[in-house]
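Structure record follows, encoded as structure tokens.
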Amino acid sequence: MYEQLYLIDFAVVFLLVVSWAIAANRLGRLPFRNTKKEFKQSVKRFTILYVIAQALVVAELVILFLLGTYGWEFMKEKVLLSMPLLIPSAFSTLVTLKILRKMNSRITDDLQSTEDEMDRKLLTSPKFILPIQATLISSFVDWYSFYFVYPFELNVVNAILLWIVFALILVALWLRQKRRSVKLLQTNYANTTSTRLLRAVISFVCLAFLIGVWYTLSVKASVLPDQMNMGSMGSMNHREITMQMMNHSMNEKEISVASLTGPQTEKVDRHFELVAQKQQVKLSSGKTMEAWTFNGTVPGPELRVKQGEIVEVVLKNKDIEDGVTIHWHGYNVPNAEDGVAGVTQDSVPPGGIHIYRFQAKQAGTYWYHSHQQSAKQVIKGLFGSLIVEPKDPPEPNTKEITVLSQAWQLANDRSLTPTYGLNDTLDHQTITSGTIVRLRIINAQNYPQSFQLSGVPFKVVAIDGNDIQSPALLTN
């Protein structure tokens with residue numbers, strides 16, 4: 001729902017700018033209407049535009065309220081910065097509408113008569129024009145901040161600077177409109193061809209400038225950097241992470257992520273090799289498909305180690321063109337061993353090798369997967385389970401079953417076939433009565449999954465690798 005609200009908000013903010021721009025343009029043409037009939041028709045068209053624009057203002061406030069239901073963080077920039085400009089501006093346009101309605105009500109049946117000079121003077125006055133212009137500018141500020149710099153660092157200095165600039169712009173527009181009103185009075189409100197041409201050129205240049213700025217910034221924003229300084233706060237300001245929150249000083253010596261490795265000289269307790277390769281696999285239902293596998297199997301081999309052991313995993317990429325890595329999902333490892341392509345390491349290309357080393361300090365049920373376009377690669381099969389057994393020996397007469405929930409995309413219609421490993425049909429296992437069964441359940445899908453256990457009492461002894469304190473016996 002939030003994504004839909006965000007897109008609707010984007011559309012409404014853009015339409016706000018467009019509607020108030022058209023309204024401002026129509027308002028500026030009113031003094032040049034030759035007859036009261038033309039004036040009356042123009043006022044009618046403007047009123048329609050005005051109602052649409054104000055309806056968009058109301059829609060923006062409703063959307064803002066709905067965004068607020070997700071938390072203060074999702075609305076505070078708008079509430080404290082752009083809305084204090086937009087709401088008073090939109091409210092002030094009632095002055096303009098009141099003046100128009102009053103002038104319109106005085107028009108008699110003689111619709112072919114020319115407009116009164118006093119009315120024309122009022123139509124070009126700053127108090128008549130400025131509210132619409134102020135609303136247009138505040139709508140533009142809302143749109144610009146939303147599209148280019150949202151979310152931005154919120155502080156008192158930013159707010160004061162924005163309001164000062166906004167006030168200076170309004171003062172400049174007020175003075176400009178006063179001079180324009182005097183000039184139009186001197187020329188008897190002549191709307192010459194050169195004046196119309198000049199306004200058209202200015203409008204075109206402004207539009208071209210906005211499109212050019214939008215295109216340039218969009219292109220610039222889409223370019224990935226050659227390297228990333230994870231200590232830099234340049235991009236972090238968008239999420240308002242301060243230096244204190246990061247507990248990091250920019251004056252400290254910078255450290256390469258590649259140097260934050262696991263133990264390199266200690267004796268290895270567990271050694272594994274994982275070869276990423278394409279392989280034809282068959283589901284239990286008989287369906288076959290080309291999968292991306294580790295060591296030719298899906299899921300990949302279970303990596304089972306003891307708590308405290310030094311683990312070494314050699315990753316080889318045989319023929320996955322996109323490149324591969326191994327990310328230890330939910331497991332704490334040194335940064336260089338974390339396997340996030342483009343951040344903590346480069347992806348391993350076909351024919352390449354990468355060695356991971358870390359100490360298995362946490363006991364519990366985890367999983368691993370490739371993290372080069374992870375959503376795509378997991379659904380293709382590049383994942384497996386990581387089981388870290390505690391130092392204490394397990395309870396006697398215990399049967400362990402690891403359940404890896406996965407979904408395959410077998411067709412081009414994006415439909416998914418849920419499986420447990422390669423089982424897309426019922427898997428029956430017979431367990432001797434009195435046996436303790438430890439189910440290790442791993443969700444390798446992109447969506448929450450529900451599991452049901454019936455006919456036997458059970459305990460949830462751990463969640464996300466963390467033991468539960470004194471778990472209670474559950475039924476049904």
Legend entry - SB check Arg29 Glu38 (cutoff 4.0 Å): no

Legend entry - Min side-chain heavy-atom separation Leu123-Phe39 under 4.5 Å: yes

Inset, instruction - Can you measure from NZ (Lys98) to CE (Met103) and round to the nearest 0.5 angstrom? - result: 14.5 Å

Inset, instruction - Output yes when a side-chain donor or acceptor of Gln177 lies under 3.5 Å from a complementary backbone atom of Leu130, and no otherwise. - result: no

Legend entry - Residue that, paired with Val298, satisfies side chain to side chain contact (heavy atoms under 4.5 Å, CB included) out of Leu404, Thr419, Leu382, Thr293: Thr293

Inset, instruction - Kindly give the heavy-atom pair with the smallest separation between Leu260 and Pro334, and that separation in Å. - result: O-CB, 3.2 Å

Inset, instruction - Identify which one of Lys376, Gln377, His327 satisfies the side-chain hydrogen bond (donor to acceptor under 3.5 Å, both in side chains) criterion when paired with Ser370. - result: Gln377

Inset, instruction - Could you tell me the separation between the OG1 atom of Thr47 and the CG atom of Leu97, rounded to the nearest 0.5 Å? - result: 6.0 Å

Legend entry - side chain to side chain donor-acceptor pair (under 3.5 Å) against Asn317, all qualifying residues, sequence neighbours excluded: none

Legend entry - Steps toward side chain to side chain contact (heavy atoms under 4.5 Å, CB included) verdict (His329, Tyr331): CA-CA 6 Å; His329 196 108; Tyr331 207 74; over 6 Å; no

Inset, instruction - Would you check if the side chain of Gln449 reaches a backbone N or O of Tyr447 as a donor-acceptor pair within less than 3.5 Å? - result: yes

Inset, instruction - Looking only at non-hydrogen atoms, find the nearest pair between Asp322 and Ser347 and report the distance. - result: O-OG, 4.1 Å

Inset, instruction - For the residue pair Ile326 and Tyr356, establish whether any side-chain heavy-atom pair is separated by less than 4.5 Å. - result: yes

Inset, instruction - Starting at CG of Leu100, measure out to OH of Tyr50 and round the result to the nearest 0.5 Å. - result: 10.0 Å

Inset, instruction - Check the side chains of Glu337 and Thr344 for a donor-acceptor pair under 3.5 angstrom, ignoring hydrogens and angles. - result: no

Inset, instruction - Determine the minimum heavy-atom distance between Trp408 and Gly421, stating which atoms define it. - result: NE1-O, 3.5 Å

Inset, instruction - First locate atom CZ of Phe451, then atom CG of Asn443, and finally report the distance between them rounded to the nearest 0.5 Å. - result: 6.0 Å

Legend entry - From CG (Leu173) to CG (Leu136), nearest 0.5 Å: 9.5 Å

Inset, instruction - For the pair Gln445 and Val378, evaluate side chain to side chain contact (heavy atoms under 4.5 Å, CB included) and give the outcome as yes or no after the intermediate values. - result: CA-CA 8 Å; Gln445 298 195 45; Val378 170; over 6 Å; no

Legend entry - Test of ring centre spacing under 6.0 Å for Trp143 and Phe140: yes

Inset, instruction - Could you tell me whether the side chains of Ser89 and Thr135 share a donor-acceptor contact shorter than 3.5 Å? - result: no

Legend entry - Trp328 and its ring pair (Phe, Tyr, Trp, His ring centres under 6.0 Å) partner, picked from Tyr366, Phe383, Phe358: Phe358

Legend entry - Nearest atoms (heavy-atom pairs only) where Leu85 meets Phe166: CD2-CD2, 3.6 Å

Inset, instruction - Ignoring hydrogens and angles, state whether a donor on the side chain of Ser405 or Tyr420 is under 3.5 Å from an acceptor on the partner side chain. - result: no

Legend entry - Verdict with supporting geometry, Asp338 and Gln345, side chain to side chain contact (heavy atoms under 4.5 Å, CB included): CA-CA 8 Å; Asp338 202 35; Gln345 70 168 90; over 6 Å; no

Legend entry - Identified side chain to side chain contact (heavy atoms under 4.5 Å, CB included) counterpart of Val57 within the set Ile87, Leu16, Thr93: Leu16

Legend entry - For Phe294, all residues meeting ring-ring contact (aromatic ring centres under 6.0 Å, His included), sequence neighbours excluded: Tyr368

Inset, instruction - Using atom types as modelled and distance alone, determine if a side-chain donor or acceptor of Ser181 lies under 3.5 Å from a backbone N or O of Lys178. - result: no

Legend entry - Ala407 to Ile379 - nearest heavy-atom pair and separation: O-CG1, 3.2 Å

Legend entry - For the student: nearest non-hydrogen atoms of Pro471 and Ile468, plus distance: CD-O, 3.4 Å

Legend entry - Inter-residue atom distance Glu60.CD - Ile63.CD1, 0.5 Å rounding: 5.5 Å

